[in-house]
Amino acid sequence: MYNNVRCIAIVLAGGSGKRMGLEISKQFLKLNGKPIIAYTLEKFSDVDEIDDIILVTKPEYIEYCKKEIIDKYGIKKVSDIVCGGRERQESVFKGLQAVKDENSIVLIHDGVRPFVSKSHIFETIKGAYESGGCILGVRANDTIKICDDNNLVASTLDRSRLWYIQTPQTFKYSLIYNAHCDADKSGFFATDDSMIAEKSGIPVKVIEGSYDNIKLTTIEDITIAKAIIDSQKEKGEIK
């Protein structure tokens with residue numbers, strides 16, 4: 001709890017392993033003998049300010065998550081497991097609908113992003129409490145071009161103003177829930193929740209995160225992840 005406001009993490013775990021060429025869903029892939037999603041849930045469960053975790057996954061994964069993840073690793077703060085939708089945005093909306101406290105702060109996080117630091121989780125809570133919305137990001141370290149339909153360079157963006165956005169993306173619940181309702185009614189599609197917040201006029205603060213906070217998407221990411229695990233274990237960030 002933060003300043004007498006409940007803080008609820010919505011963790012998305014409905015992905016597949018297709019991009020990695022895996023037969024199992026990527027959130028269940030094991031790193032050093034433990035599933036990726038277990039690392040992620042443990043990270044949020046260990047943050048004192050987090051009161052509850054809502055896990056959003058596919059219907060066929062619910063029992064597996066209960067027995068092989070939550071029970072097996074003793075994760076205490078998962079209060080609900082809900083069925084997600086066909087797309088990420090729909091899954092987030094279903095997670096938001098499961099929140100029972102309309103005065104809470106919600107943190108929306110990718111289940112395959114297990115290396116977010118506990119201090120950054122807290123900082124997004126503080127930022128959302130103060131401004132309504134707060135997200136993590138890191139500064140762009142590559143030059144980014146806009147190209148036309150023929151892949152010819154049209155312009156070059158100012159790198160000093162560009163950020164690679166991460167999760168958690170954290171908001172006052174009533175603001176982001178109403179924004180999702182509006183998006184659902186209008187058919188507006190966004191690639192992340194801060195884009196939905198932007199469209200509704202919610203101020204969104206960006207806090208500088210860490211390049212370690214990667215989303216495990218490709219098989220190459222696994223090699224990087226194994227190195228990050230060793231580093232975070234030394235810092236006491238993961239078990």
Side-chain angles (χ1 to χ4, degrees), residues 2-3 5 7-13 15 26-27 36-37 39-56 77 88-89 91-92 95-96 104-142 144 157 159-173 175-177 179-180 190-200 202-217 221 224-225 227-229 231-232 235-238:
Y2 178 76
N3 284 358
V5 177
C7 299
I8 301 166
I10 297 173
V11 177
L12 306 171
K26 57 188 175 182
Q27 61 266 24
I36 291 168
I37 188 63
Y39 285 108
T40 305
L41 293 174
E42 284 178 340
K43 186 68 68 75
F44 280 83
S45 188
D46 288 345
V47 174
D48 291 341
E49 288 77 15
I50 298 294
D51 296 287
D52 294 291
I53 299 170
I54 295 172
L55 182 62
V56 184
K77 292 184 180 179
R88 183 187 187 279
Q89 183 170 321
S91 293
V92 172
L96 290 169
S104 62
I105 288 173
V106 292
L107 302 88
I108 301 164
H109 189 71
D110 302 318
V112 289
R113 203 184 284 269
F115 301 124
V116 60
S117 73
K118 297 170 189 175
S119 61
H120 285 144
I121 291 171
F122 171 74
E123 288 300 321
T124 67
I125 293 171
K126 181 181 176 184
Y129 182 83
E130 293 171 351
S131 64
C134 185
I135 60 179
L136 284 181
V138 290
R139 296 182 184 274
N141 51 17
D142 297 311
I144 299 176
L157 299 179
R159 187 171 67 182
S160 68
R161 301 184 66 185
L162 299 177
W163 294 74
Y164 300 129
I165 298 305
Q166 305 174 336
T167 67
Q169 299 193 357
T170 306
F171 306 91
K172 290 181 178 177
Y173 171 76
L175 295 179
I176 194 63
Y177 176 73
H180 264 272
T191 54
D192 75 346
D193 300 288
S194 65
M195 189 174 170
I196 290 175
E198 290 168 49
K199 187 168 178 62
S200 290
I202 300 169
V204 181
K205 181 178 181 180
V206 179
I207 289 177
E208 189 155 9
S210 167
Y211 290 98
D212 283 352
N213 185 21
I214 61 172
K215 184 178 180 181
L216 303 181
T217 305
D221 294 332
I224 299 169
I228 296 173
I229 283 178
S231 173
Q232 289 210 340
K235 298 175 184 176
E237 278 284 344
I238 62 174

I'd like to know whether NZ of Lys126 has more than 12 heavy-atom contacts from other residues, nucleotides or ligands below 6.0 angstrom.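 Counting other residues, nucleotides and ligands, NZ of Lys126 stays at 12 neighbours or fewer.
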Can you tell me if NZ on Lys77 sees more than 12 non-hydrogen neighbours from other groups inside 6.0 Å?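 Counting neighbours around NZ of Lys77, more than 12 heavy atoms of other residues, nucleotides or ligands fall under 6.0 Å, so yes.
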Starting at [atom1] of [X], measure out to [atom2] of [Y] and round the result to the nearest 0.5 Å.
{"X": "Ile144", "Y": "Arg161", "atom1": "CD1", "atom2": "CZ", "answer": "13.5 Å"}
{"X": "Leu96", "Y": "His180", "atom1": "CG", "atom2": "NE2", "answer": "5.5 Å"}
{"X": "Leu55", "Y": "Leu12", "atom1": "CG", "atom2": "CG", "answer": "8.5 Å"}
{"X": "Ile53", "Y": "Cys7", "atom1": "CD1", "atom2": "SG", "answer": "12.0 Å"}
{"X": "Phe171", "Y": "Ile196", "atom1": "CZ", "atom2": "CD1", "answer": "8.5 Å"}

Might you point out which heavy atoms bring [X] and [Y] nearest each other, and give the distance in Å?
{"X": "Val56", "Y": "Gly95", "result": "CG2-CA, 3.9 Å"}
{"X": "Phe115", "Y": "Asn213", "result": "C-OD1, 4.1 Å"}
{"X": "Val5", "Y": "Asp51", "result": "O-OD2, 4.1 Å"}
{"X": "Ala13", "Y": "Ile37", "result": "CB-CD1, 3.8 Å"}
{"X": "Ile36", "Y": "Gly111", "result": "CG2-O, 3.9 Å"}
{"X": "Ile214", "Y": "Leu216", "result": "CD1-CD2, 3.5 Å"}

Do Glu49 and Ile105 come close enough that some side-chain heavy atom pair is under 4.5 Å?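 They are not in side-chain contact.
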Please report, to 0.1 Å, the donor-acceptor pairs under 3.5 Å made by any side chain of residues 130-141, with sequence neighbours excluded.
residue, atom, partner, partner atom, Å
Ser131, OG, Gly127, O, 2.8
Ser131, OG, Gly133, O, 3.1

Apply ring-ring contact (aromatic ring centres under 6.0 Å, His included) to Tyr2 and list each qualifying residue two or more places apart in sequence or on a separate chain.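 With neighbours one apart ignored, the set is Phe122, Tyr129.
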Ignoring hydrogens and geometry beyond distance, is a side-chain donor-acceptor pair present between Gln232 and Asp212 at under 3.5 Å?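 Note: Gln232 and Asp212 side chains miss the donor-acceptor criterion.
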Between Ile176 and Gln169, is a side chain to side chain contact (heavy atoms under 4.5 Å, CB included) present by the stated rule, with each step listed? CA-CA 10 Å; Ile176 194 63; Gln169 299 193 357; over 6 Å; no
Would you call Asp193 and Arg88 a salt bridge, taking side-chain N to carboxylate O under 4.0 Å as the test?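 Yes, this pair counts.
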Dump the intermediate steps for side chain to side chain contact (heavy atoms under 4.5 Å, CB included) on Gln166 and Val116, then the final yes or no. CA-CA 9 Å; Gln166 305 174 336; Val116 60; over 6 Å; no
Could you go through the side chain to side chain contact (heavy atoms under 4.5 Å, CB included) check for Ile238 and Lys43 one step at a time? CA-CA 7 Å; Ile238 62 174; Lys43 186 68 68 75; 3.6 Å; yes
Determine whether Ile50 and Leu107 satisfy the following criterion, side chain to side chain contact (heavy atoms under 4.5 Å, CB included), listing intermediate values before the conclusion. CA-CA 9 Å; Ile50 298 294; Leu107 302 88; 3.6 Å; yes
Which one of Thr170, Thr124, Thr167 satisfies the side chain to side chain donor-acceptor pair (under 3.5 Å) criterion with His109?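 Running side chain to side chain donor-acceptor pair (under 3.5 Å) over Thr170, Thr124, Thr167 with His109 returns exactly one hit, Thr167.
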